[in-house]
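Okay, structure first, notes after.
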Amino acid sequence: MNENVEAFLRSWPWTPWPVLVCAVTAIVYARGWRVLTRRGSAHFGPTQLAAFWGGMFAVLLAIASPLEPFADLLLSVHMAQHLLLMIAAPALIWLAAPQAPLTLGLPAAVVEHWLT
């Protein structure tokens, strides 16, 4: 195997916070999406769920993958992070229409205490 590829694979950072935040956000979205689909909403289908998860994956790819350690070394990798964080992730999350699913996916106590 090429030594650059080996270095790339060995440099996978393990930072639990971005993974945890994106996972919790994706779970909350999925709960709210399920509520909306059970109510028969025509605006929330599998495409919106896939778009939101894709947006979360793009965020994770930019900040919790081997792109992060190499971003300080290579301008092209740093720019790839920018493209993921400023073009791919926002577009996918916007397509998912996250306001209603995220609100409905939160526990009732959180909604009552923090959002009302």
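FYI, the numbering just counts along the sequence from 1.
Taken together through direct or relayed side-chain contacts under 4.5 Å among Ile, Leu, Val, Met, Phe, Trp and Tyr, Leu36 and Val110 form part of one hydrophobic cluster. Tracing side-chain contacts under 4.5 Å through hydrophobic residues (I, L, V, M, F, W, Y), one reaches Val24 starting from Val35; they form part of the same cluster. The hydrophobic clustering, which links ILVMFWY residues whose side-chain heavy atoms are closer than 4.5 Å, places Leu75 and Met86 apart. Put simply, Leu20 and Tyr29 are part of the same group of oily side chains (I, L, V, M, F, W, Y) that touch within less than 4.5 Å, one to the next.
For the atom pair CZ of Arg31 and CG of Leu102, the computed distance is 11.5 Å after rounding to the nearest 0.5 Å. In this structure, CH2 in Trp33 is found 10.0 Å from CZ in Arg38, a value given to the nearest 0.5 Å. From Trp53, atom CH2 reaches atom OG1 of Thr25 across 13.0 Å, with rounding to the nearest 0.5 Å. To the nearest 0.5 Å, atom CG of residue Leu92 and atom CZ of residue Phe52 are 10.5 Å apart.
Heavy atoms only, all atoms of each residue included: Phe44 and Ala100 are closest at CZ-CB, 4.3 Å. Nearest heavy-atom pair, Gln48 versus Leu95, reported as atom, atom and distance to 0.1 Å: CG-O, 3.7 Å.
Sparse packing is recorded around CD of Glu3, with 12 or fewer heavy atoms of other residues, nucleotides or ligands lying under 6.0 Å away.
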Identify all side-chain donor-acceptor contacts of residues 57-73 below 3.5 Å with residues at least two apart in sequence or on another chain.
unit_1, atom_1, unit_2, atom_2, d
Ser65, OG, Leu61, O, 2.4
Ser65, OG, Leu67, N, 3.2
Glu68, OE1, Gln81, NE2, 2.8

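Among pairs with a residue in residues 71-100, those fulfilling ring pair (Phe, Tyr, Trp, His ring centres under 6.0 Å) read His78-His82, at least two apart in sequence or across chains.
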